[in-house]
Amino acid sequence: QEQLAESGGGLVQSGGSLRLSCVVSVDTFGIYYTAWFRQAPRKEREFVAAIRWSTGFTYAADSVKGRFTISRDEARKTMYLQMNSLKPEDTAVYYCAAARNYCSGYGCYATEPYDYWGQGTQVTVSS
């Protein structure tokens, strides 16, 4: 069984919307943050947004603020990324991740705190 499983990717036109989901199959007790990262071809994996599992406190990269919203449903053990006003530069494989290690602020933007990763889901935005 996959520990984290993303879904919801696809092809969308510029200006369109998608909602990604990530089912968290690991024990969420002790999970500090879950997050979305993305990786475009020939680029480094980059932080998109994170949410503190217990409180719902969120962080988001400047490039997606005002367009993307991260949320989670504790009962369903599912995290979401609502993506609106999509741009071609949002094209990437999107990964969900979960951290048992504490992080705060920009520390949560790095990949190192995250212990679990999903397989990724492709998002393609056409111009």
Side-chain angles (χ1 to χ4, degrees):
Q1 181 184 10
E2 290 179 321
Q3 293 170 319
L4 300 178
E6 306 95 337
S7 63
L11 173 64
V12 64
Q13 288 189 329
S14 182
S17 297
L18 281 174
R19 189 176 82 154
L20 305 183
S21 299
C22 173
V23 176
V24 181
S25 298
V26 298
D27 185 356
T28 54
F29 180 78
I31 293 289
Y32 277 105
Y33 280 94
T34 54
W36 291 98
F37 287 77
R38 66 187 181 186
Q39 189 166 17
R42 298 174 298 281
K43 290 191 175 181
E44 297 281 322
R45 190 168 297 191
E46 67 172 356
F47 172 81
V48 176
I51 186 165
R52 183 150 184 175
W53 192 262
S54 61
T55 65
F57 183 80
T58 64
Y59 294 108
D62 289 343
S63 60
V64 306
K65 281 180 182 175
R67 300 189 299 124
F68 292 9
T69 302
I70 188 171
S71 62
R72 92 284 187 240
D73 184 325
E74 292 183 272
R76 296 179 182 270
K77 296 180 67 176
T78 302
M79 177 177 65
Y80 303 98
L81 186 68
Q82 178 66 44
M83 305 187 293
N84 299 327
S85 302
L86 281 160
K87 304 175 182 179
E89 51 263 44
D90 294 318
T91 295
V93 177
Y94 283 70
Y95 298 90
C96 63
R100 292 198 181 279
N101 300 299
Y102 179 76
C103 63
S104 65
Y106 287 112
C108 297
Y109 288 37
T111 58
E112 285 77 10
Y114 296 91
D115 305 281
Y116 306 100
W117 292 86
Q119 295 294 314
T121 186
Q122 176 71 46
V123 172
T124 303
V125 184
S126 64
S127 56

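Side chains are part of it too, since the values below use all heavy atoms of this structure and drop only hydrogens, waters and symmetry mates.
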Within the structure provided, determine whether [X] and [Y] are in side-chain contact (heavy-atom separation under 4.5 Å).
X: K77; Y: S25; result: no
X: L4; Y: M79; result: no
X: S21; Y: R76; result: no
X: T28; Y: R72; result: no

Considering non-hydrogen atoms only, spot the tightest contact between [X] and [Y] and give its length.
X: A99; Y: P113; answer: CB-O, 3.2 Å
X: S127; Y: S14; answer: CA-CB, 4.2 Å
X: L86; Y: R67; answer: CA-NH1, 3.9 Å
X: A49; Y: L81; answer: CB-CD1, 4.5 Å
X: S104; Y: C108; answer: N-SG, 3.4 Å

If hydrophobic clusters are built by linking Ile, Leu, Val, Met, Phe, Trp and Tyr wherever their side-chain heavy atoms come under 4.5 Å apart, do Y95 and V64 end up in the same one? no

When hydrophobic residues are tied together by side-chain contacts of less than 4.5 Å, even through go-betweens, does F68 share a cluster with V12? yes

Filter on ring pair (Phe, Tyr, Trp, His ring centres under 6.0 Å), then keep only pairs touching residues 4-38, sequence neighbours left out; what's left? Y32-Y102, Y33-Y59, F37-F47, F37-Y114, F37-W117

Residues that R100 engages under side chain to side chain contact (heavy atoms under 4.5 Å, CB included), provided they are two or more places apart: V26, D27, I31, D115, Y116

State which residues pass side chain to side chain contact (heavy atoms under 4.5 Å, CB included) with V123; sequence neighbours excluded, sorted by chain then number. L18, L20, M83, Y94, V125

Between K65 and D62, does at least one N-O distance fall below 4.0 Å, as a salt bridge requires? yes

Measure the [atom1]-[atom2] distance between [X] and [Y] for me, rounded to the nearest 0.5 Å.
X: C103; Y: R52; atom1: SG; atom2: CZ; result: 8.5 Å
X: R38; Y: E46; atom1: CZ; atom2: CD; result: 4.5 Å
X: Q122; Y: T91; atom1: CD; atom2: OG1; result: 7.5 Å
X: S126; Y: Q13; atom1: OG; atom2: CD; result: 5.0 Å
X: I51; Y: F57; atom1: CD1; atom2: CZ; result: 10.5 Å
X: E44; Y: T111; atom1: CD; atom2: OG1; result: 9.0 Å

Check whether more than 12 heavy atoms from other residues, nucleotides or ligands sit under 6.0 Å from atom CD of Q119, and answer yes or no. no

Under 3.5 Å, side chain of Q82 to main-chain N/O of T69, donor-acceptor pair present? no

